[in-house]
Protein chains: 2
Amino acid sequence: MNSAANAHEAPDVSSEIGTQKIRDAIRDAIVERRLSPGTKLSENDVGSLFNVSRTLARAALQALSYEGLVSVEKNRGAFVAYPSPEEARQIFAARRLVEPGILRDAAARITPSQIQHLKQLLIEEGRLMSERGQTARRAEIKASGDFHLTLAAISGNAIMQRFMDELVARSSLAIALYGQSTVSSCGHSEHGDIIAAVERNDLEQACHLMVHHIAHIEADLDLRERKSVGLKEAFEL
Amino acid sequence: MNSAANAHEAPDVSSEIGTQKIRDAIRDAIVERRLSPGTKLSENDVGSLFNVSRTLARAALQALSYEGLVSVEKNRGAFVAYPSPEEARQIFAARRLVEPGILRDAAARITPSQIQHLKQLLIEEGRLMSERGQTARRAEIKASGDFHLTLAAISGNAIMQRFMDELVARSSLAIALYGQSTVSSCGHSEHGDIIAAVERNDLEQACHLMVHHIAHIEADLDLRERKSVGLKEAFEL
DNA sequence: TGCGACTATATTGTATACGATTTTTTGCAC
DNA sequence: GTGCAAAAAATCGTATACAATATAGTCGCA
C-alpha cells in the first residue's frame, strides 16, 4: 500500500534529476533502513516521487536489481530485496572471503593520514552510538559500513571497491531482516582493534580480527528458515 | 563503422527474444572476441539485429555496462569496453584476491563426480587446443574460462559465482587487448595441476598454483600505457 | 454466509514519438 | 586543395502511448 512515498528523500526543486540520482537516493534509503525489505517500489510511485517518467524510474530500479538490493518479478514489479537466510549466509561468506584480502592490499598502501582518517571515522561512529533517536541510528548504520568501504577504497582496486559497496549494502538488508540485538554495531570496538593491528603492522592478526568481526556480525543474526506463516498458524498458539 | 552487424548471433526466427537473451548474446560475442574492444554498439543496430525496439536494446546495453563489458558515454552511445592497463591490472588483482578463497570453498564441497566433470572439461580444452580454425579458437577461449567458472559454481556461493562471471568476462577483454602470445591458454596444463592438488587434498598447494596460474595469464600481457597515437607519430619512425 | 466466475482497475512490458546533442556532410572562401 | 562554418543526418535522452498481465472488486449462486 504505502509505496516508496514514506521514504522522505524529497524530490528537491533543483529539478536536475537523472537515473543515477534516483538510484542513489533509493539505495541510501534501503541501506539506512528507511525502506524495509519487501516494500513494493512501483514504477509510477518512484517516477512521480522524483518527477520523472516511468522510463527513468524503471531504469533506476533495474540498476538496483543488478546490485541485489531490489528484486524485480516479471509482470509483478520491483520490491526491496528480501534476502533468504541462505542468501544472507552467502553475503557474509563472501565478505569473509574477500575482506582479508582487501585489508592486506589496503595495509600495503595505507598512509599515516589515511590511518588518521579511519580513526576519525571510529570516533564519529562511537559518538553516534551514544546518541539516541532515529537519525542517529541511521547515521550509525551508515558509519559502521563506511569503515569497511573506506578500507576498500584505500586498497586502490576499484573493482573490489564496487563489489564491497554491493556487499555492505546487502548486509544491511540481511541485518534489517534477521538482526536480533537492537544495535547492529555490537562490534564497534572491533574496528578499532583492526586498525590498531594494521598500525603496528601485524597483518596476520588484522586479517584474523577482520574474519572474526564479520563472523560476529553474522552470529548476531537469527538465520532460521521462517516459512512465511502469516496465516492461521500464526495465531493458533 | 561496422556495428554489431558482423557478430553472427542470428536473431533466430523463434521470435521469443527478451532483454536477457540480448544481453547474453552480446556478452558471449564479447567473451569469444567476435566483438573487439571499442566497437560501437548503437541502440538502433542492436535493436534491429534482434528485432526489438530501442527500449530493449538500451536495457541490454545498460545491463552490460553494469558488468563492465560495455561502456556507455553520455550522448555518445555504448561501446565494447576498452579496459585501460590499470583496469586490466585490477581485474587480475581481484582474481588473485578472490580465487584462492573460492577454490578453498569448492574443495570443501567437491564430489568425485564433480572432479570427474572438471577433468572432462580439461580434456575438451586440450582437444580444442590442438584443433585449428576460428571456431575452435573461440571455443577454447570459452572453455578456458569455464574451468574457473565451474569451480565458482561448485563453491556453492551464488554471489561469488556472479562476481567470477564478471571477472572472467572482463579478463577476456583484457587479454584481447593486451595479450601477446597467440594462444591465451598457455597455462592449460596448470588447470590440470590445480585439480590434481585438490584431488590429493593439498589445499595449500592448490591455492598456490591458482595464484601463480593467474599471475602467468597476466604476465603474458603487455600492459604498457599506449597513448593512442594513430597519428603521424605512428608513421614517423 | 461462503465460494467461484467475471468484470474493472491498476501495473508492468514494449514500442513509438519528439526534443536535445553529437557527428557527418556540404558549401564556400582562401 | 585546405580549412572553417553552417546545414543535414544520425544518435541518444526522456516522455508518452498502447498492449499484456496481474490484482482487486463485484455479482450471482449454492
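Below, each value reflects all heavy atoms present in this structure, side chains not excepted, and no hydrogens, waters or symmetry copies. Order of the sequence lines sets the chain letters (A, B, ...), proteins ahead of strands, with each chain counted from 1.
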Report task. Could you pull out all residues at least two apart from E87(B) that satisfy salt bridge (charged side-chain N to carboxylate O under 4.0 Å, His left out)? Result -> R170(B)
Requested in this report: Take atom NZ of K21(B) and atom P of dT14(C), then tell me their distance rounded to the nearest Å.
Outcome: 12 Å
Query - Atom pair distance, as rounded to whole Å: CG in L41(B) and C1' in dC12(D) - result: 14 Å
Under 3.5 Å, side-chain donor or acceptor atoms of residues 153-160 of chain A against the rest of the protein: list the pairs with distances, not counting sequence neighbours.
residue, atom, partner, partner atom, Å
S155(A), OG, A152(A), O, 2.7
S155(A), OG, N157(A), N, 3.4
N157(A), OD1, I159(A), N, 2.9
N157(A), OD1, M160(A), N, 3.2
N157(A), ND2, Q90(B), O, 3.1

Query raised in the report: Does D24(A) have any side-chain hydrogen bond (donor to acceptor under 3.5 Å, both in side chains) partners at least two apart in sequence or in another chain, and if so, which?
Result: R27(A)
Query raised in the report: If you pin V52(A) and A78(B) to their nearest nucleotides in DNA chain D, which one's is more 5'?
Result: A78(B)
Query raised in the report: From the list dT11(D), dG13(D), dA15(C), which nucleotide is the closest neighbour of the side chain of R54(B)?
Result: dG13(D)
Query raised in the report: Do the side-chain N and O atoms of R138(B) and Q134(B) include a donor-acceptor pair separated by under 3.5 angstrom?
Result: yes
Query raised in the report: Which of residues 56-77 of chain A have a heavy atom under 4.0 Å from DNA chain C?
Result: R58(A), K74(A), N75(A), R76(A), G77(A)
**Report entry** R95(B)/E218(B) ion pair, N-O < 4.0 Å
**Finding:** no
Query raised in the report: Expressed in angstrom and rounded to an integer, what is the separation of E43(A) atom CD from dT14(D) atom C1'?
Result: 15 Å
Query raised in the report: Hey, does the side chain of T55(B) come within less than 4.0 Å of dT14(C)'s phosphate (OP1/OP2), counting only N and O?
Result: no
Query raised in the report: Rounded to the Å, how far apart are D45(B) CG and dC12(D) P?
Result: 8 Å
Query raised in the report: Taking only residues at least two apart or on different chains, which pairs with a member in residues 133-164 of chain B satisfy ring-ring contact (aromatic ring centres under 6.0 Å, His included)?
Result: F163(A)-F163(B), F147(B)-H191(B), H148(B)-H191(B), H148(B)-H213(B)
Query - Exceeds 12 heavy-atom contacts within 6.0 angstrom, atom OH of Y66(B) - result: yes
Query raised in the report: Between D28(B) and K142(B), does at least one N-O distance fall below 4.0 Å, as a salt bridge requires?
Result: yes
Polar atom pairs between nucleotides 6-8 of chain C and protein, under 3.5 Å, N or O only, would you list them?
none

